[in-house]
Amino acid sequence: MAPMTTTGEQMHALVERLYPLCRSITGDGVRDTLEIVGEYLPLQTHEVPTGTRVLDWTVPQEWNIRDAYIADTAGNRVVDFAASSLHVLGYSVPVSATMPLSELRAHLHTLPDHPTWVPYRTSYYKPDWGFCLAQETLDALPDGDYEVRVDSTLADGHLTYAEHVVPGQVPDEVIVSCHVCHPSLANDNLAGIAVATFLARALAETKPWYTYRFLFAPGTIGAITWLARNRERVDRVKHGLVLACAGDPGRLTYKQSRRGDAEIDRVMRHVLRSSERPHHITEFTPYGYDERQFCSPGFDLGVGSLSRTPYAGYPEYHTSADNPDFVSPEAMADTLAVCREAFGVLDRDRRYRNLSPYGEPQLGRRGLYEALGGRSDAKQAQMAMLWVLNLSDGEHSLLDIAERSGLPFDTVAGAADALEGAGLIKA
Amino acid sequence: MAPMTTTGEQMHALVERLYPLCRSITGDGVRDTLEIVGEYLPLQTHEVPTGTRVLDWTVPQEWNIRDAYIADTAGNRVVDFAASSLHVLGYSVPVSATMPLSELRAHLHTLPDHPTWVPYRTSYYKPDWGFCLAQETLDALPDGDYEVRVDSTLADGHLTYAEHVVPGQVPDEVIVSCHVCHPSLANDNLAGIAVATFLARALAETKPWYTYRFLFAPGTIGAITWLARNRERVDRVKHGLVLACAGDPGRLTYKQSRRGDAEIDRVMRHVLRSSERPHHITEFTPYGYDERQFCSPGFDLGVGSLSRTPYAGYPEYHTSADNPDFVSPEAMADTLAVCREAFGVLDRDRRYRNLSPYGEPQLGRRGLYEALGGRSDAKQAQMAMLWVLNLSDGEHSLLDIAERSGLPFDTVAGAADALEGAGLIKA
Amino acid sequence: MAPMTTTGEQMHALVERLYPLCRSITGDGVRDTLEIVGEYLPLQTHEVPTGTRVLDWTVPQEWNIRDAYIADTAGNRVVDFAASSLHVLGYSVPVSATMPLSELRAHLHTLPDHPTWVPYRTSYYKPDWGFCLAQETLDALPDGDYEVRVDSTLADGHLTYAEHVVPGQVPDEVIVSCHVCHPSLANDNLAGIAVATFLARALAETKPWYTYRFLFAPGTIGAITWLARNRERVDRVKHGLVLACAGDPGRLTYKQSRRGDAEIDRVMRHVLRSSERPHHITEFTPYGYDERQFCSPGFDLGVGSLSRTPYAGYPEYHTSADNPDFVSPEAMADTLAVCREAFGVLDRDRRYRNLSPYGEPQLGRRGLYEALGGRSDAKQAQMAMLWVLNLSDGEHSLLDIAERSGLPFDTVAGAADALEGAGLIKA
Ligand SMILES: [Zn+2]
Ligand SMILES: [Zn+2]
Ligand SMILES: [Zn+2]
């Protein structure tokens, strides 16, 4: 019998599986990634041809790479793509040349402050080639000639992204998005992919109210492509969450939507506050992940972003130190738990109308007090009924009532269930 | 010649007179109470028959009680209603039986944490009988048989409440409500009755702007009955105050209306703040006294609640320790003073329109500066004129102006009088 | 060659030149003042006849004075108008008499707390005569008869004020006002006149967006006269600033307009805050300088008031100690700098509309990133572009964007220029 594994461990195993692949904004690395995710979750994969106009952008050529290295005159590979997909500048054009180190230096990227780490660099829209390596590797290179080779192709092809939909009781949608364009980096994006994957699986079991759409797409151009191809669907997107940096040891950070008072913002603030986790709420800024696109002024969707330590907030960001050891099963499980709790609130939040709004209705006659008998939270549950009755004027939602009363959302929602059952309120 | 007594002392005397009566939500105890209050204030008393539908409720049977006791086998009354109306569970059904202490215990209510105090308990809507006694009395009872007798009647009758109206210059009403359903408890409700009574007397001498309606009614069912029978009048109720716990030694507490920014809320906050009394302002909650009914979402009246220490906030609450010694003439006089001051502001608050709104009118030419000559507050009074002129745009009331300027309300109102007299502003 | 002088020194020289003149709300002192200012700035001078109705007021008789003194029996002038224009009560009626000191005292004004200072007093609308002198001068006067003489005229004439207009690209106006009615007082009004004068000169060099109207007028009656004669123009006045007490050593104080959220209020708060100067922001009060008139409820213009230490906030206020030594070139230069910075923001503030609001436009393709190459603030400038794009929805102005992003206004405005140049946004 297989040993029991926690969801956190399963997410970490997924991160480890995806880690070696060389992802970019297009190419087979993305396809291979989506194929592996597809083993956990049925995915609808889309291939969008190079040259397709998407909003203000154009789908670029597809980039694929087989091999890349710097070799010394003895033929020893001193920098080798086979060892880490980070070693090559993303979207490097092919090159095959021999040149002295002095000339090669202009194409080498290092992190002098972290001499053992390899940086992550790309040049998507300006043709270039280059290698990323540890500063100490560079320092050890003797002067002289080196063979450089990037065996890549940049050619018309496709941009690839995938969707998974958890059907809901209403066509209104919640979008959950994560980027799939980073090569061997664990927190900055694999943890987000893993949490999104297991979140989708968990939601499927709850028969949710909303339809939940999960989007696995390359950053920026992927979200732009999805938005361009779903202009008519965007009106249905009522809420959303961009997941990134979901597995590092830092506290959770929720970045609010551009609106700042979207329901997802209020739900996330409520859940993080009432969970008593250490956390951080930040204002929207037009920088970061794909909330930039969802919150562009033409769309202005109620989409926030959940991460642990936000991008660029940890030294390992965009370096080889962001490896599977940097993310933990516990941290990913914690991120997942908050997502589930938040979507639980979002999914249950509703406005009711008190059908007996003149004076208090007589609860005792309807057995609503007795039904609380023996419950340890009977007093709270009774207060919740009074609060729901008092504020169910069509303007206050259950979340409003929870916040104003200071009662747990679940207690308030339970009171609403009881009152609806007794015919006293109506959604 | 009778010795001079203060209003505080007169209120305390009224509390002492009312204290022994056995009040409940119906019955002769309420009638006797209203008869005594009627000696101070002409009351219009209403009798509403059992079975009358009032909003979601039905007027219950009337409860009256002549005698109740527990007697030992020697015939000694070990618990005796004649000693305190608290000894019997409110709305006890009749009983006449002999039973061992072991069986009787299920009908006995004590306060183990306060072994010398008798609790106050009721069972209005679930037929039951019982006795309330001190824990130390119970502890002293030997095992054995006891005679228990409750000589009460539960029969079709009436619910009784009373009104007193202080006529105003406009039909818009201010409602002042207090509950008259508690038996021998001084702070929780007799102090409120006393303050309401003397407040009505004081208002009658001021020729008030608003019509002030005082309601003396049993809690919950009384307010609901009044609301049910005055559906068309409710629209006239512009402001209101529920008085309770008006005589204990604690600081004043004002609980805001459901709206939170009703004029009564703003007036009470202003008066309490500017009086520099220690005080406490709390948010509305759908629990407490009859603000629950006035602030139900269908009515949503601007009705707040004034008390000293709020219900359940003092250990004597709903026990025999809430006796006339617990309330003082000084505390009741203080509550009364704040009510009078607040209604003074409420009654005088008005929006004016500056009839000369372009530039400042020339006050000197109209003798408005000279009129201030010799007044010690001449500078404040002049500033008040400038403030009233500047903010009398039909949107700001005198209270707004007092709050924004930081000037005393009376100074602002005096400036408005002077300016209106000079024809510069108009209500 | 003349030695170089700073603008601060030039403003101080203007204060010194204007200082000896005996200004009042009418008369030749005002005309002489405007003539001197006219050497720096072309002025349009207006003469409004005595008796003209202006709003609720009437233009008073014109007051002129040639001489005034108190002489002892030996003919020695113990108080002499020739020594300081403060010595005579403003608007003194003529007098020529001999009287004992005991009788004269009723017409003498001193400052017992500052025995060497001469107070400033007026009696515009109540006919009176009087002298202002140092307490120590009064104390030294022996009893006996004195000759008193005020050689003044009160006669039909004119009220004089002047305007200077810096033409803008739009007819919408910004009004800058200072009072010219105080005699030999430096901070309380000459510093304001000097700063206004050099502000107008500086603005003329900037080809401003708004039309800037500078008003040099006696306090109260002057502003009222201007408003009365420009009723149709008032709708064009979008913003304004009253300058007073502009040269003392205290920190800057901005008093907000009656509206409190007028654009001038937001601009001044932003500029003072981001300049990191010590400063003070105060609420509007209907007292002070001519913001009282501009912010009367009928006009309610977005006019604030900038001063250093506000009126009556310094002991030298309205005394002979408010002389040219009390104001410094540096303080006036600082006031001027803040005005220029604030009008720079006000003038440049605009709402734009993102013409590519769905998703982010591709900035790289348009060379907008490269244009930042080499700039030390390239990162800030790039963030500013993203912010301008994100918030240019027709609702947020550049100032809103600067405040929300925390970026310097100039960086935000520069980003807007670049984006407008690229055709991505439109005003
Ligand atoms: Zn990244
Ligand atoms: Zn009670
Ligand atoms: Zn002055």
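Model, not experiment: these values are computed from the prediction.
Pairing each heavy atom of A:E360 with each of B:I224, the nearest pair is O-CD1, 4.1 Å. Nearest heavy atom pair, residue B:R258 against residue A:D393, reads NH2-OD2, 2.9 Å.
Note: A:Q362 CD to B:T58 OG1 = 6.5 Å, rounded to the nearest 0.5 Å.
A 6.0 Å sphere centred on CD of A:E276 holds no more than 12 heavy atoms belonging to other residues, nucleotides or ligands. Surrounding CD of A:E283 are at most 12 heavy atoms belonging to other residues, nucleotides or ligands under 6.0 Å away. Summarising the local packing, CZ of A:R233 is surrounded by more than 12 heavy atoms from other residues, nucleotides or ligands at distances under 6.0 Å. Shown here is B:R229, whose CZ atom has more than 12 heavy atoms of other residues, nucleotides or ligands within 6.0 Å.
Interface remark: of the candidates B:A223, B:A228, B:P297, B:C295, B:P297 forms the most heavy-atom pairs closer than 4.5 Å to chain A. Between chain A and the options B:F299, B:F284, B:W57, the largest number of non-hydrogen pairs under 4.5 Å is found for B:W57.
With a threshold of 4.5 angstrom between heavy atoms, A:N390 approaches chain B through its backbone and through its side chain. The contact between A:R366 and chain B is made entirely by side chain atoms (from C-beta outward), counting heavy-atom distances below 4.5 Å. Of the atoms belonging to A:L389, it is backbone heavy atoms, and not side-chain ones, that fall under 4.5 Å from chain B.
A cation-pi arrangement is present between B:R231 and A:Y358 under the rule of less than 6.0 angstrom and at most 45 degrees off the ring axis.
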| request: Dump the intermediate steps for side-chain contact (heavy atoms from CB on, under 4.5 Å) on B:Y287 and A:M383, then the final yes or no. | output: CA-CA 8 Å; B:Y287 204 68; A:M383 281 305 297; 3.7 Å; yes
